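Report on the structure given below.
Numbering of residues begins at 1 and proceeds along the displayed sequence. Quantities reported herein were computed from a predicted structural model and do not represent experimental measurements.
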Amino acid sequence: MEENEKSIIKQEEEQSSYQDEASGETTYDIYLITIGRRFAPETTNLVLKDGEKFTIPPTYRLGQGRIFSDQQYLFYPGKTYAINEGRVYEYSDQSVKIYDFQDNPRWTDRDNNPFQNPSLTAFSVQTWNPQLTVLHSESWGYADAYGRTVIPPLYDDATNPSCSNIGAVKQHDKWHFIYVLTGERIDNREYDDVALCSENGYFSYSAKELGEGRGLIDPLGHIATPPIYGTMPQPLHDGTFSTFMPSNPEEVLRIDRHGNVLSHCEDTPTDTPIEASEAATLQYIDDTPNLYESETPCIIVNNEEGKYGLVAYSGRKITDLEYDYIDYYKSSSEGKPSSFFIMRRGDKWGGIDLSGKEILPPIYDSFLYGDSNYIRIEKDKKFGYADIRGTITVPPVYERLVNGEVGVAAGLTGGKWQIIGTDGRTITPPNYDTCTCLGNGFFLVTIEGEHFTLDRNGRRLPFVIDCLKEETFADSEYMLWGKAFQRDFIPAYRLGHKGIIRRDGTLVIPCIYDDLRPLCPGCGDRIIATRNGLSGVIGLSRAVIIPFEYDRIAQMPPHTETIVVCKAGKWGELHPDGNIAFPMEYAGSRDILSTLPYYLTPFKI
């Protein structure tokens with residue numbers, strides 16, 4: 001072979017090798033776990049190529065690996081598996097099952113960390129013959145972030161859950177909504193088509209018996225708009241949606257989360273992200289520190305090489321420029337500034353105080369903002385808590401650790417959940433099969449399939465609440481409805497229906513209403529309630545002030561003394577006690593500060 005031919009072949013081989021290296025080969029790390037502890041990484045880590053078969057040895061309890069994004073899977077001994085493009089293949093002599101998990105934005109996880117509040121994912125399972133030539137069946141269900149089945153694959157299709165853990169499933173060519181933590185059906189409504197809007201947890205739907213277009217369903221599974229639009233309403237940054245009518249696709253409409261059409265004002269909020277200001281002053285080392293531009297007790301500085309340090313307002317050096325990152329821990333108690341700074345050296349995290357002392361050594365794999373003066377720490381894939389004085393209050397022994405707010409958390413160990421205090425208190429033993437933190441110190445737990453709610457002291461409530469957060473956007477003209485009430489009350493949800501409880505766990509209004517909103521901003525004793533499609537006004541004592549006989553009741557703007565209502569397509573106004581102020585004989589009502597459609601002008605028929 002001539003020298004030039006050898007040179008060309010060598011160049012082609014080098015180029016091919018370079019391309020293979022550049023493209024990268026997909027691999028998966030499987031950690032083998034034994035009962036009680038983990039072995040050293042070099043003896044417990046399987047590195048697998050895409051599509052490579054493997055079997056977990058019987059000497060281990062299970063294997064754990066990330067298959068894509070933040071979706072993980074648990075592999076059990078004695079079974080043969082493979083991972084191919086994020087799908088899990090489970091082999092047996094009779095069949096091959098392929099598990100395909102949908103990518104989930106992790107609604108309940110603000111830091112996008114799978115070890116916090118577990119988010120549920122829709123998945124499908126296909127059953128094939130061993131040669132992968134014949135598809136026997138395909139079904140859909142829901143799993144947690146570790147691939148463990150929460151709702152068995154019993155459905156023909158499914159969407160990912162909304163931010164309120166409401167999912168749409170398909171059976172017998174019709175869609176309906178379920179609560180994915182328990183599988184309970186939300187209502188008896190059925191739809192022709194449903195799709196999840198991944199930006200905010202709303203659903204697009206079509207239903208021929210209701211209309212020919214597309215409509216909007218909120219994260220709790222309730223119809224926000226009828227199916228009259230030509231496309232799925234697209235979410236905007238300010239919580240509203242843009243869409244159009246099929247008859248006029250050129251005109252863009254803006255609607256709020258209740259389906260009201262809003263006016264196009266010059267100062268209408270745009271879909272531009274708002275930059276958040278930092279709580280700590282960050283300056284280059286050459287800059288002159290400014291005492292009045294900082295909320296922190298000292299100044300974080302860095303140099304052009306990207307090294308960080310602390311400097312006092314007087315200019316005195318507190319630390320050298322030796323850290324790869326420093327951030328002020330903003331959490332504090334009783335309004336007093338924190339004296340704790342999170343720092344990173346290399347890929348390890350620790351903490352320093354105002355004197356520059358390393359009160360938490362940089363030995364932790366991650367720090368997560370916790371509750372009040374406590375920080376969630378991670379070491380060797382286990383989680384615990386430390387306080388801002390550098391004391392380890394909860395050793396890192398939990399496989400998952402979920403913040404429940406108000407000084408309590410839920411930890412997973414040995415396959416069971418328990419409630420603990422961030423200060424190290426043991427509130428309940430590890431008894432629960434599943435646990436979802438609802439916030440405000442409440443938890444939804446399961447024992448042998450039975451669901452019930454616990455308060456911050458581990459006390460079982462006599463009623464079940466599965467959500468305590470207002471997940472949908474507020475109207476731009478009004479406050480969040482939960483904040484409009486007194487601080488003693490919390491919005492509560494059960495299977496997509498709203499109610500109110502006190503912070504001590506006392507039931508105020510049962511979760512039987514489709515919607516609850518304050519009658520006016522700051523009004524905590526009168527509430528617009530909707531049930532079975534009709535609206536009325538009730539009090540916190542559950543007394544009916546205005547009967548449930550109106551199609552719509554608008555919230556009262558601050559400058560009005562009457563309530564705008566709609567009944568049988570006609571608009572009028574009521575006094576706050578329910579007596580008629582203006583009879584129901586108008587085609588509409590125009591009010592800049594109300595939530596009524598902007599294009600309606602009052603006129604009498």
Side-chain angles (χ1 to χ4, degrees), residues 20-33 38 41 44-56 60 62-76 79-91 96-128 132 135 138-153 155 157-163 165 167-169 180 195-201 347 365-366 368 378 381 383 399-400 402 412:
D20 290 342
E21 182 178 354
S23 63
E25 189 173 33
T26 303
T27 58
Y28 304 92
D29 292 334
I30 306 299
Y31 298 94
L32 302 181
I33 304 172
R38 295 179 183 270
T44 62
N45 186 18
L46 293 178
V47 180
L48 305 167
K49 298 179 180 179
D50 204 28
E52 180 181 356
K53 289 185 179 182
F54 64 96
T55 303
I56 304 299
Y60 295 95
L62 55 88
Q64 172 188 322
R66 190 183 304 274
I67 57 177
F68 71 88
S69 185
D70 54 1
Q71 181 66 48
Q72 302 200 36
Y73 197 79
L74 301 182
F75 304 92
Y76 294 93
K79 295 184 178 181
T80 301
Y81 300 94
I83 309 172
N84 187 8
E85 297 181 351
R87 294 186 294 267
V88 176
Y89 289 66
E90 181 181 309
Y91 297 90
V96 179
K97 292 184 177 181
I98 303 177
Y99 296 85
D100 190 3
F101 297 87
Q102 303 303 301
D103 196 12
N104 194 333
R106 309 296 180 198
W107 298 108
T108 57
D109 185 357
R110 289 173 294 182
D111 296 320
N112 200 30
N113 188 308
F115 296 100
Q116 294 189 35
N117 210 18
S119 184
L120 302 181
T121 302
F123 77 98
S124 66
V125 53
Q126 296 180 348
T127 303
W128 293 75
L132 291 174
L135 175 61
E138 180 179 16
S139 54
W140 289 76
Y142 291 94
D144 65 11
Y146 279 77
R148 293 174 295 196
T149 298
V150 176
I151 301 297
Y155 302 102
D157 202 350
T159 69
N160 262 336
S162 69
C163 49
N165 277 325
V169 294
V180 298
L196 175 69
C197 178
S198 59
E199 289 85 355
N200 59 10
D347 61 350
D365 299 322
S366 71
L368 300 173
E378 177 190 1
K381 300 186 182 299
F383 294 82
E399 300 165 24
R400 295 187 198 171
V402 185
L412 176 66

Ignoring hydrogens, what is the shortest heavy-atom contact between [X] and [Y]? Give both atom names and the distance.
X    : Y    : answer
Y81  : K79  : OH-CD, 3.4 Å
I56  : L62  : CG2-C, 4.3 Å
V150 : V180 : CG1-O, 3.4 Å
A82  : G51  : CB-O, 3.9 Å

Could you check if a side-chain atom of [X] sits within less than 4.5 angstrom of a side-chain atom of [Y], using non-hydrogen atoms only?
X    : Y    : value
F75  : V88  : yes
W140 : S124 : yes
F123 : P153 : yes
V169 : D157 : no
I30  : Q64  : no
Y28  : D50  : yes
N104 : P161 : yes
E90  : Y99  : yes

Does a donor on one side chain sit under 3.5 Å from an acceptor on the other, for N160 and Y142? no
Assess whether ring pair (Phe, Tyr, Trp, His ring centres under 6.0 Å) is satisfied between F101 and F68, documenting all intermediate values. CA-CA 9 Å; F101 297 87; F68 71 88; 7.4 Å; no
K97 NZ/CZ over Y89 ring centroid, <6.0 Å and within 45° of normal: no
Between D144 and G147 (side chain of the first, backbone of the second, donor and acceptor by atom type, cut-off under 3.5 Å), is there such a pair? yes
For the side chain of T159 and the backbone of A168, is there at least one donor-acceptor N/O pair under 3.5 Å apart? yes
T80: which residues meet the side-chain hydrogen bond (donor to acceptor under 3.5 Å, both in side chains) condition with it, sequence neighbours left out? T55
